[in-house]
Asker: 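One structure is given below, represented as structure tokens, and several questions about it will come after.
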Amino acid sequence: MARFAAFIVLLIPGLMAAGGIKLMRDTLFAKLVDPIPFLWLQFIIGIVLFVIGFGFFAGFLLHRDRKKGKVSAKFTNQKNADR
């Protein structure tokens with residue numbers, strides 16, 4: 001059950017990032033999505049969705065690898081290294 005919950009937690013930001021990529025792609029091909037009135041606004045919403053989704057996913061992976069000790073010294077948490 002815990003693996004399924006982790007899958008759902010990672011699925012939501014993944015879908016956000018994919019939706020952001022789709023909005024940016026539609027903007028480049030000048031296809032306006034219905035509830036958004038301007039192409040430039042559609043592109044900005046796409047960038048925001050992509051950055052939030054990708055950032056959450058990357059932060060999750062970094063946190064998991066820090067717990068397992070699989071990151072280089074450059075990515076270790078400096079606050080916990082002093083303790």
Asker: Only one of H63, R66, R64 forms a side-chain contact (heavy atoms from CB on, under 4.5 Å) with V71, so which one is it?
Answerer: R66

Asker: If you group Ile, Leu, Val, Met, Phe, Trp and Tyr by side-chain heavy-atom gaps below 4.5 Å, do I47 and L41 land in one group?
Answerer: no

Asker: Between atom OG1 of T27 and atom CZ of F29, what is the distance when rounded to the nearest 0.5 Å?
Answerer: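 The distance works out to 11.0 Å.
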
Asker: Can you measure from CZ (F60) to CG (D65) and round to the nearest 0.5 angstrom?
Answerer: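 These two atoms lie 9.5 Å from each other.
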
Asker: May I ask whether V48 and I21 are part of the same hydrophobic cluster, defined by side-chain heavy atoms of I, L, V, M, F, W, Y residues being less than 4.5 angstrom apart, directly or through others?
Answerer: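 Looking at the clustering, I21 is in a separate group from V48.
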
Asker: Could you walk me through whether F56 and V9 pass side-chain contact (heavy atoms from CB on, under 4.5 Å), step by step?
Answerer: CA-CA 10 Å; F56 183 86; V9 167; 4.0 Å; yes

Asker: If hydrophobic clusters are built from ILVMFWY residues whose side chains come within less than 4.5 Å, do F4 and L15 share one?
Answerer: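 Yes, same cluster.
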
Asker: Are I44 and L49 connected in a single hydrophobic cluster, I mean Ile/Leu/Val/Met/Phe/Trp/Tyr linked by side-chain heavy atoms less than 4.5 Å apart?
Answerer: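 Yes; I44 is reachable from L49 via cluster members.
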
Asker: Are W40 and I45 connected, step by step, through hydrophobic side chains (Ile, Leu, Val, Met, Phe, Trp, Tyr) whose heavy atoms are closer than 4.5 Å?
Answerer: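 Result: yes, single cluster for both.
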
Asker: Check side-chain contact (heavy atoms from CB on, under 4.5 Å) between V33 and all other residues, then give those that pass, not counting sequence neighbours.
Answerer: L23, D26, P35, Q42

